[in-house]
Number of protein chains: 2
Amino acid sequence: MTPPELNNPVVRQSILRQRVEAGGTLVARSLATEFDVSPDTIRRDILTLEETGYVQRVRGGAVPLVARPTPIFSRLVTENPSRDALAEKAVGLTADGMVLLFDGGSTLISLAQKLPTMPNSLVVTSSPAIALASLAKAIPTVLIGGRMSIAGGLAVGAETVKAISQISADLCFLGACALDPESGLWADDFDEAAVKTQICASSARVCVVTTSEKLGRSARHHVIGCKDIDLLVTDATHQAVCAFETEGLELLHVYSA
Amino acid sequence: MTPPELNNPVVRQSILRQRVEAGGTLVARSLATEFDVSPDTIRRDILTLEETGYVQRVRGGAVPLVARPTPIFSRLVTENPSRDALAEKAVGLTADGMVLLFDGGSTLISLAQKLPTMPNSLVVTSSPAIALASLAKAIPTVLIGGRMSIAGGLAVGAETVKAISQISADLCFLGACALDPESGLWADDFDEAAVKTQICASSARVCVVTTSEKLGRSARHHVIGCKDIDLLVTDATHQAVCAFETEGLELLHVYSA
DNA sequence: TTTTAACTTGCAAAAACGTGCAGAATATTG
DNA sequence: CAATATTCTGCACGTTTTTGCAAGTTAAAA
């Protein structure tokens, strides 16, 4: 690989920052070859990136700072009152006869487990856990296949997105890795972001269900802006979410202990 | 799976931690191969993980420290000694690097839960429960989608069969609703029979795993004849299955208490 | 019991790190 | 334009981390 015409610290570092933000890792040795500088120089670049808080330095290079999201299973096991309260509230949005499209995530699994028996509805999801939950409630269910994402515990990839594109749902439920009044909904994983985007596109109405801790942050991959979200179910204080209301979202508050 | 670009203690340990948090176990020997380091290095990694309190070290590797509440997918299967013994035996047929195709059913869910960590394998299944189980063992997994069958808890239908037809597996595991020396394998449900048939067609070798009570009966829908079955894992007495041997099957006996 | 595999400990080689420094490149100022 | 200051870069040297290997010990399995 050829070095850029301008081989500044600034230029290099912005390239490196871009790469870690895309989820890549930085290998000092190969970067030295690529940029045609000594490993020391790359080390210094990484050093400043670490100071800025963009990367975590490790021996031989650096890795993204953001802790990779905990796999779905460990999130499943712990009971979580605020999550359950959210789920309880979101159940009220459903009605028998609806076609419901489900994203993955622990909150939505909890929601699926709380669904009533709806013999005329259809649940569509690429999350095995949600498919099992809805099936257990005797709700007709369509499972979307694909490569399983270890991070999210649901199927992702081109085939998955394509299959979802053939669905026309009345309402979809989305989990959030990050949600910001200005920039909208974000995901930690590229593939999951693509799935979420298609879910939105395939639904008449979009409902985001998230706990307050995800608000105001942003993650790596953008999904949709706030103007494309119809409903927001959250346990955040009214104060914390007033910015969302101006964006035209309908808010459903849950006040957890 | 190939070792990560940055093969640090930090990187490795975070990967390992992730796996045990997902309920998986760490096998020093295979991890050494996977990360392309000596078993000593893996042992040292596990040692620090133990100091941090993340794992309990055992001979040959490590297991999760806390007996975590049973995740959603294992709750689907009630414990059953004879079934577990079958599953244990069938695990021995697998090896890292294989493409494994899984039918649904409780016996095979139990089998999937007992799989070792096989980073170079691929598990393909239309059963959500099996997909979750194999994913928990950090095995690359492809979920086959489709309409969910309430009876079998797995995806069925034309789309499912078509997707499976695009797979080329080394070995498949089939459950049985009925198995007869003369007529072969049978299923109770039309759609499930179609899936089973395609699973056989997409696999180089066919392994049927079933308890003795399914032998000698026949059910509603025919799947395949005995001559197309390569292996039979069962807990039936030798007497009960001698008829199968004449059909060219390889028998794997389990003698349960 | 014997045998095999895994563990512990110690050690030495290799790789990477930190620091200081001097020359080159670039920017700033007169 | 010239002089100066600042930044950037590569290198040398000593230190730390990481890793694989070998010898002796322990635990499991046959």
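Quick note on labels: first sequence line is chain A, next is B, and so on, each numbered from 1. Predicted model only: the values in this text are computed from it and were never measured.
Within the nucleic acid shown, B:V10 has no heavy atom closer than 4.0 Å to any nucleic acid atom. Backbone-only engagement by B:P9 is indicated by non-hydrogen atom pairs under 4.0 Å involving sugar-phosphate atoms exclusively.
Between A:R59 atom CZ and D:dT18 atom P the separation is 6 Å, expressed in whole Å. Distance, A:D45 CG to D:dG10 P: 10 Å, rounded to whole Å. In this structure, the CZ atom of A:R44 is 11 Å from the P atom of C:dG18, given to the nearest Å. Nucleotide C:dA6 holds its P atom 13 Å from the CG atom of B:L31, rounded to whole Å. Here D:dT18 presents its C1' atom at 17 Å from CD1 of B:I46, a figure rounded to the nearest Å. Look at CD1 on A:I42: it is 13 Å from C1' on D:dC8, rounded to the nearest Å. In this structure, A:F35 atom CZ and D:dT9 atom P are separated by 11 Å, rounded to whole Å. We find that CG of B:N7 is positioned 7 Å from P of D:dT19, with the value rounded to whole Å.
Side-chain N/O atoms of A:R12 include one lying less than 4.0 angstrom from OP1 or OP2 on D:dT9. A sub-4.0 Å separation between OP1 or OP2 of D:dC21 and a side-chain N or O of B:R43 is absent. Within the 4.0 Å cut-off from OP1 or OP2 of D:dG10, at least one side-chain nitrogen or oxygen of A:T41 is found. A close approach under 4.0 Å does occur between a side-chain nitrogen or oxygen of A:R57 and OP1 or OP2 of C:dG18.
Remark: the backbone N or O of B:D84 is not paired with any side-chain donor or acceptor of B:K89 at under 3.5 angstrom. When atom types are taken as modelled, the side chain of B:N7 and the backbone of B:F35 share a donor-acceptor pair closer than 3.5 angstrom.
The closest side-chain heavy-atom distance from B:W186 to B:V223 is not below 4.5 Å.
Both A:D40 and A:R29 lie close to DNA chain C; mapped to their nearest nucleotides by heavy-atom distance, the more 5′-ward contact belongs to A:R29.
The pair A:R147-A:E192 does not count as a salt bridge, with every side-chain nitrogen at least 4.0 angstrom from each carboxylate oxygen.
Atom OG1 of A:T210 and atom CG of A:L215 lie 6.0 Å apart (nearest 0.5 Å).
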